[in-house]
J.: 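The structure under discussion is supplied below as structure tokens; questions concerning it will follow.
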Amino acid sequence: MAASGKALLGSSLCQKLTQFTRNLYSQPALLSSFRSSRQVQELEKYPEVEVVANPPEWRFVERLLPPETVPQPVAQKDYPSGWRPQTEDGSKAGYYVARTKNHMVPVYLQTRFRGQRRITVVRRVQGDIWALEKDLRSAVEKSRNGKLCATRVNELSGQIHIHGDHVDVLRDYLKERGF
Amino acid sequence: MAHLRETSDKALKLLRTLPRVQIGNLRPNPNSKQNDKRGRAQHGGDKHGAGNKGSGQRQNFMRLGYETGNQPFYLRFPYEPYYKGHHMKRQYPPISLLQLQVLIDTNRIDTSQPIDISTLCNSGLLKLKPAELEYGFQLTDDGLDNFKAKINIEVQHASEAVIAAIEKNGGVIRTAYYDPRSLHMLVNPKKWFQKGVPIPSRMLPPQDAVDYYTNPKNRGYLANPEEISQDRLVLAQKYGYELPKIEKDSAYEMLTTAKDPRQVFYGLEPGWLVNIVDKTITKRKD
Amino acid sequence: MLKNILDKSRQVVFPVARTLTRSSVHGNVVNESPAAVATPAGTKTPLILPQNYGEYAPVSRNTPRQAWIENTDAVQERKVGLIELHPDVFAAQPRVDIIQENVEWQRKYRYVSFAQTKTRAEVRGGGRKPWPQKGMGRARHGSIRSPLFKGGGVVHGPRSPTTHFYMLPFYKRVLGLTSTLSVKLAQDDLHIIENVDIPTKDGQFLKDLIAERNWGPSVLIVDEDHMFPANICQATDELGYVNLMPSFGLNVYSMLKHDTLVLTVAAVKHLEQRLLYQLNRSDAASKGGKFKLDQV
């Protein structure tokens with residue numbers, strides 16, 4: 001009993017001493033949660049708590065946890081933003097442009113030489129890439145009143161490069177086709 | 001599912017006729033490797049593109065804007081310090097109404113729940129960096145005409161037209177201030193819960209933000225609610241639309257959900273400790 | 001004698017429960033396929049494992065790949081069932097260039113070069129001026145260990161230790177795995193077995209099995225669980241060219257180092273699930289950043 005009391009006394013004395021030396025030698029560092037935090041006090045000084053399992057508020061926590069994978073879009077009557085779900089699977093056209101992981105049409109703009117060279121890139125093409133290139137080229141040429149347009153096909157990586165900035169034209173064209 | 005004669009299919013068929021792919025017969029793509037050695041022989045490493053003699057060769061260029069003794073152009077005229085202290089000011093990265101509508105259409109945001117910073121960040125498509133003085137999102141009016149969703153959204157800054165566009169659809173918008181620590185929690189709540197720290201309370205806005213967040217015109221979270229409801233009506237008359245009645249809406253409860261000014265997360269009070277492994281919440285007894 | 005002791009200790013280390021779990025998994029698999037086809041008497045009902053496309057719809061329009069599930073209880077090959085493989089994992093574009101990058105990365109990231117040469121300061125001696133500056137008719141020199149001298153220091157030589165550590169971008173690592181699996185399947189170097197329970201602990205059984213089925217010679221056997229049954233552990237122990245690996249440790253280098261890759265059904269499902277998750281995860285953008293050494 002006496003020994004334990006002594007130990008307690010010793011520990012509290014020790015605690016005070018360390019606190020004193022801390023105050024003496026170290027400025028409380030604002031950025032470090034360890035050095036600026038208070039030392040652990042006796043349990044009575046802390047408020048009483050209870051651990052609630054299956055709390056009714058758990059739905060608020062669940063709402064804050066992000067989904068693991070990208071959710072599938074839900075079918076709606078209309079989509080005001082202009083986004084469309086993919087409807088075509090390529091069985092008619094012979095080619096297929098897959099949507100990205102985020103359900104977007106994979107048409108991008110590549111700029112090189114400080115924006116002087118602009119190349120539109122259509123990615124994720126499967127199937128007959130040459131037929132798609134022909135269709136895309138005709139769509140671009142139609143949009144610029146028959147002026148010819150240079151293209152480049154990379155069959156291995158499934159990409160079509162089109163000279164110039166035709167992102168909006170091609171994205172709308174592919175969406176219209178159901179891709 | 002249609003089966004196309006796919007490029008990868010062709011390649012895989014070709015591989016069947018080729019020798020086994022092994023460690024020994026792999027090569028990098030032609031021309032994909034750059035030689036990181038510069039030539040050092042008589043002409044191999046001639047000038048290394050740095051020219052002959054002077055500051056060009058030695059690469060000890062003059063400081064930017066220095067005109068060898070002239071009064072430099074950038075110091076020649078007096079100026080007004082518009083950007084003084086710009087690196088200390090609060091930033092509000094923009095998200096447009098069009099972006100928000102796309103997020104809703106592609107099922108990245110659930111409109112049946114109130115939307116705040118954590119909803120936007122949890123979509124995985126929008127980023128906020130509180131450490132770079134980004135204090136939240138501002139909602140901009142791009143795609144204003146096509147915005148059709150009925151939402152309860154809380155952003156940090158919004159223009160009058162944006163407020164009108166959301167209220168026209170029967171939605172609710174509120175601008176609210178979060179201190180950097182609360183923002184840090186909101187940006188990645190899961191990571192923050194894993195720290196196992198009690199939820200702190202949110203700080204009140206600094207002096208120069210009080211005016212904005214107490215103004216009912218901005219739908220500030222510290223403004224008088226009665227003044228806000230009056231201003232909703234005024235705005236509807238100004239923009240010429242009929243204000244939908246929230247009181248009669250089926251989603252009335254969701255639309256009127258709001259955080260306490262000292263609250264960080266919806267439904268969770270400051271001081272609670274959330275344990276996402278055991279699915280428990282530690283609360284104070286009294 | 002020693003071998004007996006070793007065997008005993010192995011039995012202690014590898015718990016018997018392992019075989020129980022394996023059989024329970026097998027039972028579940030059978031339950032999943034109620035539409036079992038009638039089979040000749042004497043054989044078990046065949047496993048037909050269709051792909052569940054509900055969770056991850058295939059991006060690739062390729063024909064879905066199907067593979068036989070083979071037995072392991074006898075040397076003689078018997079088709080136990082059929083498994084449908086996800087085209088995004090097993091019929092992906094065979095990017096041999098990405099496979100090569102993966103192999104190079106796996107070689108380099110743990111390689112530390114200990115090649116070392118001495119500079120003029122480190123070579124012994126050479127503190128004294130070899131001859132006076134003037135009056136000797138010789139070239140001026142300050143040290144016999146100067147790089148110009150035979151036996152002198154080396155300029156810009158290799159210094160030890162030099163790490164060659166770097167990280168390949170995350171999705172290149174994912175694509176490396178899908179490409180290699182697709183290549184292995186296309187070249188008939190991927191086989192699927194129902195489980196890793198072999199009847200004996202004799203290495204000869206595995207030798208015969210590999211010879212009979214025209215596998216290998218080198219074979220990598222992959223299961224989902226990292227605790228392999230005692231029989232196969234002991235049988236492969238003496239065979240240097242037959243190795244065991246849990247599916248979480250599967251990598252491009254090991255797949256290519258072995259001629260034949262043998263996956264269990266559980267390993268196939270696990271690999272598909274992990275790789276498809278990586279290809280569809282919502283926080284993929286967070287994986288795109290620069291690799292930081294001390295990141296949490």
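Order of the sequence lines fixes the chain letters, A, B, ..., with proteins taken first and strands second; residue numbering starts at 1 for each chain.
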J.: Go through the atoms of B:Phe147 and report whether side chain, backbone, both or neither lie under 4.5 Å from a heavy atom of chain A.
T.: neither
J.: In sequence, state the C-alpha distance, the side-chain angles, and the governing distance for B:Arg108 and A:Val70, and then conclude on side chain to side chain contact (heavy atoms under 4.5 Å, CB included).
T.: CA-CA 8 Å; B:Arg108 299 304 280 263; A:Val70 177; 3.4 Å; yes
J.: Are there more than 12 heavy atoms of other residues, nucleotides or ligands under 6.0 Å from atom NZ of B:Lys168?
T.: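 No.
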J.: Begin from the C-alpha positions of B:Thr7 and A:Ile129 and carry the test side chain to side chain contact (heavy atoms under 4.5 Å, CB included) through to its verdict.
T.: CA-CA 9 Å; B:Thr7 331; A:Ile129 194 167; 5.8 Å; no
J.: Can you confirm whether B:Tyr241 is buried at OH, in the sense that more than 12 heavy atoms of other residues, nucleotides or ligands lie under 6.0 Å from that atom?
T.: yes
J.: Can you name the residues of residues 77-85 of chain A that have some heavy atom under 4.5 Å away from a heavy atom in chain B?
T.: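 Counting heavy atoms that sit under 4.5 Å from chain B, the residues of residues 77-85 of chain A involved are A:Tyr79, A:Pro80, A:Ser81, A:Trp83.
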J.: Quick one: what part of B:Asn275 sits under 4.5 Å from any heavy atom of chain A, side chain, backbone, both or neither?
T.: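 Backbone only.
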J.: For the atom pair CD (A:Gln126) and OG (B:Ser8), what is the distance rounded to the nearest 0.5 Å?
T.: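 Spacing of CD (A:Gln126) from OG (B:Ser8) equals 6.5 Å.
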J.: Does atom CZ of A:Arg144 have more than 12 heavy-atom neighbours from other groups under 6.0 Å away?
T.: yes
J.: So with a 6.0 Å cut-off around NE2 of A:His161, is the heavy-atom count from everything else above 12?
T.: yes
J.: Would you indicate whether A:Glu62, at its atom CD, is surrounded by more than 12 heavy atoms from other residues, nucleotides or ligands within a distance under 6.0 Å?
T.: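 Correct, the count exceeds 12.
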J.: Without swapping roles, check the side chain of B:Asn122 against the backbone of A:Pro67 for a donor-acceptor pair under 3.5 Å.
T.: no
J.: Can you tell me how far the CG atom of B:Leu125 sits from the CE atom of A:Met104, to the nearest 0.5 Å?
T.: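 It is 7.5 Å, given to the nearest 0.5 Å.
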J.: Do A:Leu64 and B:Phe193 pass the side chain to side chain contact (heavy atoms under 4.5 Å, CB included) test, and can you show the C-alpha distance, the side-chain angles, and the key distance before you say yes or no?
T.: CA-CA 10 Å; A:Leu64 290 166; B:Phe193 286 144; 3.8 Å; yes
J.: Would you call B:Lys283 and A:Glu57 a salt bridge, using N to O less than 4.0 angstrom?
T.: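 A salt bridge is present here (some side-chain N lies under 4.0 Å from a carboxylate O).
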J.: Do other residues, nucleotides or ligands put more than 12 heavy atoms under 6.0 Å from B:Asp286 CG?
T.: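 Count over threshold, so yes.
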J.: Name the region of B:Tyr266, side chain, backbone, both or neither, that has any atom closer than 4.5 Å to a heavy atom of chain A.
T.: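 B:Tyr266 touches chain A through backbone and side-chain heavy atoms alike.
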J.: Using side chain to side chain contact (heavy atoms under 4.5 Å, CB included), reason through B:Thr106 and A:Asn102 one step at a time and then give a plain yes or no.
T.: CA-CA 8 Å; B:Thr106 51; A:Asn102 296 323; over 6 Å; no
J.: Tell me, for B:Val274 versus chain A, whether the close heavy atoms (under 4.5 Å) come from the side chain, the backbone, both or neither.
T.: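 The answer is the side chain of B:Val274.
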J.: Hey, is CZ on A:Arg117 packed in by over 12 heavy atoms from elsewhere, all under 6.0 Å?
T.: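 For A:Arg117, atom CZ is not crowded (no more than 12 foreign heavy atoms under 6.0 Å).
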J.: In plain terms, say whether A:Glu50 and B:Arg284 are close enough for a salt bridge, that is, a side-chain N and a carboxylate O under 4.0 Å apart.
T.: no
J.: Surrounding CG of A:Asn54 (heavy atoms of other residues, nucleotides or ligands, distance under 6.0 Å), is the total greater than 12?
T.: no
